[in-house]
There are 2 protein chains.
Amino acid sequence: MKIGELARQSGLSVHTIRYYEKIGLLPYASRDLSSQRDYDASILSWIAFLRRLKTTGMPIRDMLRYAALRERGSGTEAERRALLKAHRDRVRAQVTELQASLLALDAKIAGYAAPQETSQQTCQERIDDAAHSGRGREPARARQARAR
Amino acid sequence: MKIGELARQSGLSVHTIRYYEKIGLLPYASRDLSSQRDYDASILSWIAFLRRLKTTGMPIRDMLRYAALRERGSGTEAERRALLKAHRDRVRAQVTELQASLLALDAKIAGYAAPQETSQQTCQERIDDAAHSGRGREPARARQARAR
DNA sequence: CCTTGACTTCGAGTGCGCTCGAACCTGTAG
DNA sequence: CTACAGGTTCGAGCGCACTCGAAGTCAAGG
């Protein structure tokens, strides 16, 4: 499988695949006669796993640690396992945090009365949301910077 | 409250507070005689809310939209509500995805036998993890780039 | 009077994870 | 033969969200 095909099948861009190889996330791919990368389909499951790590928020430098252990092969299982366990714990904590935030968001949304369903405006400011409590400050100041 | 105190109480750095004001996430703070920012304690709940949005992965440009609506005051409730609902849906989807990933991680970890508890090395490679399946590729290539 | 420390503005720098473009090579189809 | 679709390497650039440093102001304490 050449790089374009792998890109199609894996969902990574060709650029990203080469980038991943360069930094060591993907093993150095063997090249054919004209030095084009030739991939085995088995790489797909590794990429899928990398995607899992990525979507769960693992930084690349940690994926690199795992990838290096994998490259080293057997004898590194305990370490890989420990790495994943630590990551799993972080993900669990993150899920817990997100769930708490969901409750907070639900409450906040409920605070903004229903839009058509019941009434138009009720007790929004009871939840918090009081931006204008201060004195008359500079009204028309430029005050934008980046904010693209 | 001066900026240093707000930094202490909010957990943001002084630099970040000024940055947030500059881009419009925090309202322009009134200044005292020597043009030092003077904050009302009520800003703390707004910062706490911003933190919620941030920890749930909302990009700053979206927080800016919300902040702008808040600044405009009443009449923007429906829009704010819609914004939060859309965000909540994304967070929910993310939680679902993370939970699926947790299952995958659990399975992967289980694949790496127990470290002391049962045996030392069992059926790791059945799960996937076969880095070395190819031909003899360049063994000692430089191949590091960034990877800080 | 002088130091200290907290504040001010401004613009530049950082770390991450890509993303892109330039310049070049190669195999196949028309 | 030529065009073209793919591939190659290399280094530069980008978007995000800060983070920092320089140079200056100001009020209170010794």
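Order of the sequence lines sets the chain letters (A, B, ...), proteins ahead of strands, with each chain counted from 1. Computed from a predicted structure; not experimentally measured.
- Within 4.0 Å (heavy atoms only), B:Arg37 reaches sugar-phosphate atoms of the nucleic acid but no base atom.
- Out of D:dA27, C:dG17, D:dT19, the shortest distance to the side chain of B:Tyr19 is found at D:dT19.
- Between the CD1 atom of A:Ile3 and the C1' atom of D:dG6 there is a distance of 11 Å, given to the nearest Å.
- Taking a 6.0 Å sphere around CG of B:Leu33, one finds it holds 12 or fewer heavy atoms contributed by other residues, nucleotides or ligands.
- DNA chain D is contacted by both B:Leu33 and B:Ile60; B:Ile60 maps to the nucleotide lying nearer its 5′ end (nearest heavy atom per residue).
- Spacing between atom NZ of B:Lys22 and atom P of D:dT19 amounts to 14 Å, rounded to whole angstrom units.
- Exactly one of B:Arg52, B:Arg51, B:Arg88 qualifies for a side chain to side chain donor-acceptor pair (under 3.5 Å) with A:Ser101. That residue is B:Arg52.
- A:Glu21 has its CD atom 17 Å from the C1' atom of C:dG17, to the nearest Å.
- Look at NE2 on A:His15: it is 13 Å from C1' on D:dA12, rounded to the nearest Å.
- Mapped onto DNA chain D by nearest heavy atom, A:Lys2 and B:Lys54 fall at different nucleotides, with A:Lys2 at the one closer to the 5' end.
- Following rounding to the nearest Å, A:Arg8 (CZ) and D:dA5 (P) show an atom-to-atom distance of 13 Å.
- Nucleotide D:dT8 holds its P atom 10 Å from the OH atom of A:Tyr28, rounded to whole Å.
- Rounded to whole Å, atom P of C:dT19 lies 9 Å from atom OH of A:Tyr20.
- Protein atom CG of B:Leu12 is 14 Å distant from nucleotide atom P of D:dC20, rounded to whole Å.
- Within the cation-pi definition used here (under 6.0 Å to the ring centroid, within 45° of the axis), B:Lys108 qualifies as a partner of A:Phe49.
- Nearer the 5' end of DNA chain C, as judged by each residue's closest nucleotide, is the contact made by B:Arg18, out of B:Arg18 and A:Pro59.
- Side-chain atoms of B:Thr76 do not come within 3.5 Å of backbone N or O of B:Glu79 as any donor-acceptor pair.
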